[in-house]
A.B. asks: 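Handing you this structure, nothing more for now.
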Amino acid sequence: MTACSQATPDASASSTVSVPPSHAEVLASVKAEDQGEGKAPAVTFDKPLAITDESMRLMTPGTGAQVKAGQAVEFLAVALNAETGEVLDESFTKDAGGTIVLNDSFRDQFPLVYSIFSSAKVGSYIAYGLAGSAATQGSTETPAQAAQAASLSVFQVKSAADVPPVVAPLSAPEGESVTPPAGLPTVKDDDKGIPQITIGDAKASKELIAQDLIKGKGAVVKATDSIVANYVGVNLVGGAKFDSSFDSGQVAEFSLQQVIKGWTQGLAGKTVGSRVLLQIPADLAYGAAGQGDAKGDLVFVVDILGIK
């Protein structure tokens, strides 16, 4: 479902799509016993599962709202070896799961998954199986591939909501200017409109500092969002710049679940249109060892231009 979770809204029309067989009977023995909020379910089944094709089964119907076509569906998952039952990965104990959007584009790519999820209710458990593959020898064109065991995933539908209209990202921060307290690094645009950070007398802080320089009036950013932003980063000690999206001339797009903790914690709760000064202690950045030219405590200016 990794590829599925990256699907994006698409309002394009599509012709009727043929749904492949679900092969639900192969997964008839799969059961998921709920262990409570924040815990992965206990999954049991008759081993090994004889999965030879993509297989899918709605295990429990759920008691929440009916999922509808076009909605964004958030799910949690546990992945297992279908031969041994070994748990390979799970998202029930983590900050966020996956999201799929049940639009025409997703239906065209994953007709069986679309069909099962759109027939479920919030709270449903869904079993999904994929066949294994034999080992292959390498060649000058393709590397060798080790044998892959058949896999089983169990999903729980956590929520379903209508997809908000797509809002084009801003070209620059917009909002009310904020005067920051004394003692922080200062920021001033150069003649090209690119923010320049001066460390000055700023001292290291044991706590994360997330200071608005411009307070935007757009949507509130969540820790699970993917955002569109421009940014520049420098080291607190010495002030040397180590990264900047302004230098590339292209805005950055990234999930706040896939960045350093200082970004996730510092930008969650901020609003689109804001310019935020982040002073991040090393333990919320790349640690004492750093990464590349980013060393120790870091300072960023981040322009939040949109939520993707």
Side-chain angles (χ1 to χ4, degrees), residues 1-8 10 14-35 39-61 67 73-94 96-120 124-158 255 257-258:
M1 289 293 286
T2 300
C4 300
S5 66
Q6 297 173 347
T8 54
D10 184 347
S14 176
S15 58
T16 301
V17 176
S18 175
V19 179
S22 64
H23 302 292
E25 65 281 356
V26 174
L27 306 175
S29 67
V30 180
K31 295 179 174 59
E33 183 177 348
D34 196 292
Q35 302 295 300
K39 296 181 180 180
V43 178
T44 59
F45 56 90
D46 295 339
K47 306 177 187 63
L49 290 176
I51 300 174
T52 58
D53 294 285
E54 181 185 34
S55 307
M56 207 160 186
R57 171 175 163 251
L58 181 61
M59 299 164 59
T60 59
V67 175
V73 179
E74 181 185 8
F75 62 89
L76 299 175
V78 55
L80 308 99
N81 183 308
E83 297 176 4
T84 66
E86 176 191 2
V87 175
L88 305 176
D89 196 8
E90 56 86 17
S91 59
F92 284 83
T93 61
K94 300 176 183 178
T99 301
I100 56 176
V101 180
L102 298 177
N103 53 27
D104 290 345
S105 175
F106 187 89
R107 181 189 62 185
D108 293 347
Q109 290 181 277
F110 311 104
L112 178 58
V113 178
Y114 177 97
S115 174
I116 298 297
F117 268 86
S118 60
S119 66
S124 298
Y125 278 103
I126 297 170
Y128 181 80
L130 284 175
S133 60
T136 59
Q137 293 184 341
S139 67
T140 55
E141 297 179 354
T142 59
Q145 297 289 334
Q148 299 291 324
S151 63
L152 169 69
S153 295
V154 172
F155 307 114
Q156 185 183 32
V157 178
K158 295 300 292 182
S255 166
Q257 293 295 303
Q258 298 173 343

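Note that the numbering runs from 1 along the sequence shown for the chain.
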A.B. asks: Partners of Q137 by side-chain contact (heavy atoms from CB on, under 4.5 Å), sequence neighbours excluded?
C.D. replies: none
A.B. asks: Hydrogens and angles aside, do D34 and Y125 bring a side-chain donor and acceptor to less than 3.5 Å of each other?
C.D. replies: yes
A.B. asks: Kindly determine whether F92 and Q156 satisfy side chain to side chain contact (heavy atoms under 4.5 Å, CB included), including the steps that lead there.
C.D. replies: CA-CA 9 Å; F92 284 83; Q156 185 183 32; 3.5 Å; yes
A.B. asks: OG of S151 to CD of E83: how many Å apart, nearest 0.5 Å?
C.D. replies: 10.0 Å
A.B. asks: Side chains of L49 and L152, heavy atoms from C-beta outward: is any pair under 4.5 Å?
C.D. replies: yes
A.B. asks: Is the shortest heavy-atom distance from the side chain of S22 to the side chain of L112 under 4.5 Å?
C.D. replies: yes
A.B. asks: Heavy atoms only: give me the nearest E90-A40 pair and the separation to one decimal.
C.D. replies: OE1-CB, 4.1 Å
A.B. asks: If you look at every heavy atom in A120 and I126, which pair is closest and at what distance?
C.D. replies: CB-CD1, 4.3 Å
A.B. asks: Heavy-atom distance under 4.5 Å between the side chains of P41 and V78, does that happen here?
C.D. replies: yes
A.B. asks: Evaluate V43 against K31 for side chain to side chain contact (heavy atoms under 4.5 Å, CB included), listing each step before the verdict.
C.D. replies: CA-CA 6 Å; V43 178; K31 295 179 174 59; over 6 Å; no
A.B. asks: If the condition is side-chain contact (heavy atoms from CB on, under 4.5 Å), which residues does D89 pass it with, not counting sequence neighbours?
C.D. replies: K94
A.B. asks: Check the surroundings of atom NZ in K39: do more than 12 heavy atoms from other residues, nucleotides or ligands lie under 6.0 Å from it?
C.D. replies: no
A.B. asks: Considering all heavy atoms of both residues, which atom of E54 and which atom of V113 are nearest to each other, and what is their separation?
C.D. replies: OE2-CG2, 4.1 Å
A.B. asks: Describe, in one word, how the ring planes of F155 and Y128 are oriented to each other, choosing from parallel (under 30°), tilted (30 to 60°) and perpendicular (over 60°).
C.D. replies: tilted
A.B. asks: Given E74 and I100, is the side chain to side chain contact (heavy atoms under 4.5 Å, CB included) satisfied, shown in steps?
C.D. replies: CA-CA 7 Å; E74 181 185 8; I100 56 176; over 6 Å; no
A.B. asks: Are side-chain heavy atoms of V73 and T99 found at a separation under 4.5 Å?
C.D. replies: no
A.B. asks: Which atom names give the shortest non-hydrogen contact between S115 and V19, and what distance separates them?
C.D. replies: CB-CG1, 4.0 Å
A.B. asks: Any non-hydrogen side-chain atom of T44 less than 4.5 Å from a side-chain atom of E33?
C.D. replies: no
A.B. asks: So I51 and L130, do their side chains get closer than 4.5 Å, heavy atoms only?
C.D. replies: no
A.B. asks: Could you give the distance from CG (L76) to OG (S91), rounded to the nearest 0.5 Å?
C.D. replies: 4.5 Å
A.B. asks: Does the ring center of F106 lie less than 6.0 Å from the ring center of F110?
C.D. replies: yes
A.B. asks: If you define the side chain from C-beta out and look only at heavy atoms, does anything of L58 sit under 4.5 Å from S124?
C.D. replies: yes
A.B. asks: Within the structure provided, determine whether P111 and P20 are in side-chain contact (heavy-atom separation under 4.5 Å).
C.D. replies: yes
A.B. asks: Which heavy atom of V154 sits nearest a heavy atom of M59, and at what distance?
C.D. replies: CG1-SD, 4.3 Å
